[in-house]
Amino acid sequence: MTPAKLADAVLAAAHALFSERGLDRAALPATTTVERPRNPEHGDYASTIALQLAKKIGLPPRELAAGLAEQLARTPGVKSVEIAGPGFLNVRLDPAAAGQLARVVVEAGREYGRSDVLAGQKVNLEFVSANPTGPVHLGHTRWAAVGDSLRRLLAAAGADVASEYYINDAGSQIDRFGRSVLAAAKGEPTPEDGYGGEYIADIARQVLAEHPAVLDLPGDEAEAVFRNEGYRLMLAEIKASLGRFAVDFDVWFSERGLHDSGAIEHALDTLRAQGHLYESEGALWLRTTDFGDDKDRVLIRGNGEKTYFAADAAYYINKRERGFEKCVYLLGADHHGYINRLRAIAACAGDDPDANIEILIGQLVNLVREGQPVRMSKRAGNVITLDELVDAVGTDAARYSLARSSTDSPLTLDIEVITRRSNDNPVFYVQYVGARTASVARNAAELGLTRGDAESFRPELLAHAKENELLKALGDYPAVVTAAAELRAPHRLAHYLEKDLAPAYHRFYDNCRILPMGDEEITDLHRARLWLNDATRTVIANGLELLGVSAPERM
RNA sequence: GCGCCCGUAGCUCAGCGGAUAGAGCAGGGGACUUCUAAUCCCAAGGCCGCAGGUUCGAAUCCUGCCGGGCGCGCCA
């Protein structure tokens, strides 16, 4: 019995009761859920449906609960239903029905937790999109970790999702980058508005190695070579860094491509047709103030140049024309001023900002080193790059520690702590469960203990309190995945693995001996516990996979 | 000034309108002759920033205030 099936049974009980008593079934919700009470005295699962319905139909909640309890108690697998407090329904399951979950999980394998609740949704997820003028640094990594996990979660919930990296390869930043690389190649100091840092010199050396005669070219041509080749090398480095971080984008989208393909003119046509363009002071404007922006935005400057904002608008319209009904942007708190203007772009294009565009603002990552805040800036020499972070702590620890907290809260990463590779890193705690389950499975195989076929599995033997808790934790997993996907909150998954599943397994392990000891004969209980062990292994592996973290067999 | 986010145990943070608000770390006390002690158990630690409101019920929703972070370009 899974929580989802029990919730269905609760709803079915409500339907049965309502038709029996001639109550208005329109008052019933389309779906309902059951909760897991913290207090074990409140049963295995609890429903608040009576409390929610009481007011709608004008019956006292406890009376309604009594009727529901009577119906629900007839459900196979339900052992008892009690009414508590103002009208909670506290449900206990038969141990056999509860224990069957281990089999459900093992048999589903990698599919356990995957669903189709978001089927049919075509979602575009854009994140990182760091300028290709420097390495990916710590300021981007939170989005790399969270965004990529979100992509995996949405896919697991059945959405048709594409992750995209928008490459700002047009405009003045990339020109400054080119001039900086050229200057480095000539051994000149960094231009006033240029990029410093070691990586510029590295790139200059690589360009020189591939084009030994480049400095003999006229200044403009040489600069173009350094700009284009430098850009190519920088982008390759960015892709490699993210690849090491287990982040791979479905689409690398070039801003220059928007300019070259005429997509910007096309976007202007779309916006003009919707009636939101006007000219003023020689510039072309989008009237974003019609839709909540605090000022109108320039699309084409007085000098004829298209603004970055024009490209943003064109990119959005392009995404929509590629069939994405939901365009999700993951931005740092320093970009929250973009919310209104991005939403206004959608509205000006004739879309519904509430339905077609979703902007997630996450707070910044603060770096502390020996008590001193470290300023993160691409222009400062002293930056921590993604590569350095991965070198120091590994992809697993880095991704996990970035994904495990809510993006609404600023995250303080202490360089001293995460580079110390200390044992108190929570990712090890979760991975350790997976390693333990794998170790038990190996030892079981050596002893000749196997789960046996599904028919011989005796789920009612999994009646120990710790087994029950573990089963319930395993049962929660699918709902955790869908909630994390729908709420765009990967940290919920990490939290579940770390605070719910992992401790439940350790307590089970400590209290319930899985393998036979010494000359002990193999019993059905050993086999049943092995099912539970392997089910845990499945969920740990599936969950860590969605976080982009490995689940080692040995540690 | 305006806008977004945050304020929960000493520290770092979970908490989907539900029952007695949770965890990790730090500090105190325990548990390894047999499956990985990177673990587990016990005790201790709280005006959920403050004040109102909404309702059967508020850490959660609404309003105001206080404190902190970030942002408000014909920059990218």
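Bear in mind that the values here come from a model prediction, so they are computed numbers and not experimental data.
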**Nearest-angstrom distance from the residue atom CD of Gln363(A) to P of C6(B)** = 7 Å
**Request:** Taking atom types as modelled, find out whether Gln173(A) and Tyr195(A) have a side-chain donor-acceptor pair closer than 3.5 angstrom.
**Result:** yes
**Request:** Whole angstrom is fine here: how far is it from CG in Asp408(A) over to P in G69(B)?
**Result:** 18 Å
**Asked** Taking OP1 and OP2 of C4(B), is either one under 4.0 Å from a side-chain nitrogen or oxygen of Asn340(A)?
**Response** no
**Request:** Using a heavy-atom cut-off of under 4.0 Å over every strand shown, decide if Ile361(A) touches base, sugar-phosphate, or nothing.
**Result:** nothing
**Message:** Does a side-chain N or O of Ser409(A) approach OP1 or OP2 of G7(B) to a distance below 4.0 Å, or not?
**Reply:** no
**Prompt:** Is the ring of Tyr509(A) stacked on the base of U39(B), with centres less than 5.5 Å apart and planes under 30° off?
**Reply:** no
**Message:** If I pick the C1' atom on G69(B) and the same atom on G53(B), what distance separates them, to the nearest angstrom?
**Reply:** 28 Å
**Prompt:** If you look at every strand shown and take non-hydrogen atoms under 4.0 Å, does Glu281(A) touch a base, only sugar-phosphate, or nothing?
**Reply:** base
**Message:** Centroid distance below 5.5 Å plus an interplanar angle below 30 degrees: do Phe88(A) and A19(B) meet both conditions?
**Reply:** yes
**Request:** Check every strand shown and say whether Thr307(A) touches a base, only sugar-phosphate, or nothing at a heavy-atom separation below 4.0 Å.
**Result:** nothing
**Message:** Quick check on side-chain contact (heavy atoms from CB on, under 4.5 Å): which of Leu286(A), Asp290(A), Thr289(A) does Asp296(A) satisfy it with?
**Reply:** Thr289(A)
**Request:** Could you tell me whether Arg507(A) contacts a base, only the sugar-phosphate backbone, or nothing, with contacts defined as non-hydrogen atoms closer than 4.0 Å?
**Result:** sugar-phosphate
**Fill in**
Out of A14(B), C74(B), U36(B), minimum distance to the side chain of Arg301(A) belongs to C74(B)
**Message:** Under 4.0 Å, counting only non-hydrogen atoms across every strand here, what does Asn39(A) touch: a base, just sugar-phosphate, or nothing?
**Reply:** base
**Message:** Please verify the inter-ring angle class for Phe291(A) with His276(A); under 30° counts as parallel, over 60° as perpendicular, anything in between as tilted.
**Reply:** perpendicular
**Asked** Once you round it to whole Å, what is the distance between C1' of A19(B) and CD of Gln52(A)?
**Response** 14 Å
**Request:** Measure from CG on Leu360(A) to P on C6(B) and round the result to the nearest Å.
**Result:** 13 Å
**Prompt:** Once you round it to whole Å, what is the distance between P of C35(B) and CZ of Arg529(A)?
**Reply:** 15 Å
**Prompt:** Hey, does Ala483(A) reach any base, or is it just sugar-phosphate, or nothing, if we go heavy atoms under 4.0 Å?
**Reply:** nothing
**Asked** Of the non-hydrogen atoms in Glu164(A) and Ser129(A), which two are nearest, and what is the gap between them?
**Response** O-OG, 4.5 Å
**Request:** Starting from C1' on C35(B), measure out to CG on Asn443(A) and report it in whole angstrom.
**Result:** 6 Å
**Message:** Side chain of Val440(A), heavy atoms from C-beta onward: which of G24(B), U39(B), C35(B) has the nearest atom to it?
**Reply:** C35(B)
**Prompt:** Looking across every strand, which nucleic acid part, if any, lies under 4.0 Å from His42(A) by heavy atom: base, sugar-phosphate, or nothing?
**Reply:** base
**Asked** Expressed in whole Å, how much space separates the C1' atoms belonging to U12(B) and G27(B)?
**Response** 16 Å
**Message:** Under 3.5 Å, is there any donor-acceptor pair linking the side chain of Asp510(A) to the base of U39(B)?
**Reply:** no
**Prompt:** Nearest-Å distance, CZ (Arg38(A)) to P (A23(B))?
**Reply:** 7 Å
**Request:** For Tyr231(A) and Asp169(A), run side chain to side chain donor-acceptor pair (under 3.5 Å): C-alpha distance rounded to whole Å, both residues' side-chain angles, the deciding distance at 0.1 Å, then the answer.
**Result:** CA-CA 8 Å; Tyr231(A) 158 74; Asp169(A) 53 4; 3.2 Å; yes
**Pair Asn533(A), Tyr505(A): side-chain N/O donor-acceptor within cut-off below 3.5 Å** = yes
**Message:** Counting the atoms with a prime plus P, OP1 and OP2 as sugar-phosphate, which does Ala46(A) contact under 4.0 Å by heavy atoms, base, sugar-phosphate, or nothing?
**Reply:** base
**Item:** Chi class for C32(B): syn within 90° of 0, otherwise anti
**Value:** syn
**Item:** Pairwise P distance, C16(B) and G29(B) [rounded to whole Å]
**Value:** 36 Å
**Item:** Test item: side-chain donor near acceptor, Glu486(A) and Thr482(A), under 3.5 Å
**Value:** no
**Prompt:** Among side-chain atoms of Tyr45(A) and Asn90(A), is any donor-acceptor pair under 3.5 angstrom?
**Reply:** no
**Asked** Under 3.5 Å, side chain of Thr538(A) to main-chain N/O of Asp534(A), donor-acceptor pair present?
**Response** yes
**Request:** Salt-bridge test for Glu467(A) and Lys472(A): reply yes if a basic N is under 4.0 Å from a carboxylate O, no otherwise.
**Result:** no
**Prompt:** Expressed in whole Å, how much space separates the C1' atoms belonging to C48(B) and G73(B)?
**Reply:** 41 Å
**C1' atoms of G45(B) and A26(B), separation to the nearest Å** = 12 Å
**Request:** Taking only the side-chain nitrogens and oxygens of Arg176(A), find out if one of them lies under 4.0 Å from OP1 or OP2 of C75(B).
**Result:** no
**Request:** With P as the reference atom in both, quote the distance from C11(B) to C47(B) in angstrom, rounded to an integer.
**Result:** 12 Å
**Request:** Tell me which nucleotide among A14(B), A38(B), G18(B) gets nearest to the side chain of Thr48(A).
**Result:** G18(B)
**Request:** Please measure how far the C1' atom in A59(B) lies from the corresponding atom in C41(B), and state the result in whole Å.
**Result:** 29 Å
**Request:** Consider the side chain of His506(A), meaning its heavy atoms from C-beta on, and name the nucleotide among G73(B), U39(B), A19(B) that approaches it most closely.
**Result:** U39(B)
**Message:** Categorize Glu553(A) for me: base, sugar-phosphate, or nothing, with a 4.0 angstrom heavy-atom threshold over every strand shown.
**Reply:** base
**Asked** With a non-hydrogen cut-off below 4.0 angstrom, is Arg554(A) in contact with a base, only sugar-phosphate, or nothing?
**Response** base
**Prompt:** Below 4.0 angstrom from OP1 or OP2 of G15(B), is there any side-chain N or O of His491(A)?
**Reply:** yes
**Message:** Is the phosphate of C56(B) approached by Lys55(A) (side-chain N or O, under 4.0 Å from OP1 or OP2)?
**Reply:** yes
**Prompt:** Could one point to a donor on the side chain of Asn90(A) or the base of A19(B) with an acceptor on the other under 3.5 Å away?
**Reply:** yes
**Integer angstrom distance from the P of G46(B) to that of G52(B)** = 23 Å
**Message:** Can you see whether Asp396(A) engages Gln431(A) through a side-chain donor-acceptor pair at a distance of less than 3.5 angstrom?
**Reply:** yes
**Request:** Give Ala445(A) one of three labels, base, sugar-phosphate or nothing, depending on what nucleic acid heavy atoms sit under 4.0 Å from its own.
**Result:** nothing
**Fill in**
Picking from U39(B), G73(B), U36(B), the nucleotide nearest the side-chain atoms of Lys295(A) would be G73(B)
**Asked** Under 4.0 Å between a side-chain N/O of Tyr505(A) and OP1 or OP2 of A38(B), yes or no?
**Response** no
**Asked** Within the structure shown, what part of the strands sits under 4.0 Å from Thr33(A) by heavy-atom distance: base, sugar-phosphate, or nothing?
**Response** nothing
**Request:** Remember a base hit wins even if backbone is also touched, and classify Gly85(A) as base, sugar-phosphate or nothing at under 4.0 Å, heavy atoms.
**Result:** nothing
**Prompt:** With a non-hydrogen cut-off below 4.0 angstrom, is Leu51(A) in contact with a base, only sugar-phosphate, or nothing?
**Reply:** base
**Request:** Could you work out which one of U34(B), C75(B), U39(B) sits closest to the side chain of Arg513(A)?
**Result:** U34(B)
**Prompt:** Tell me, what's RNA chain B's dot-bracket, Watson-Crick or G-U with both distances under 3.5 Å, | for other-strand, [ ] crossing?
**Reply:** (((((((..((((....[...))))..((((.......))))......(((((..]....))))))))))))....
**Prompt:** From the list C13(B), G18(B), C74(B), which nucleotide is the closest neighbour of the side chain of Trp285(A)?
**Reply:** C74(B)
**Message:** Output the rounded distance in Å from CG (Leu59(A)) to P (C56(B)).
**Reply:** 15 Å
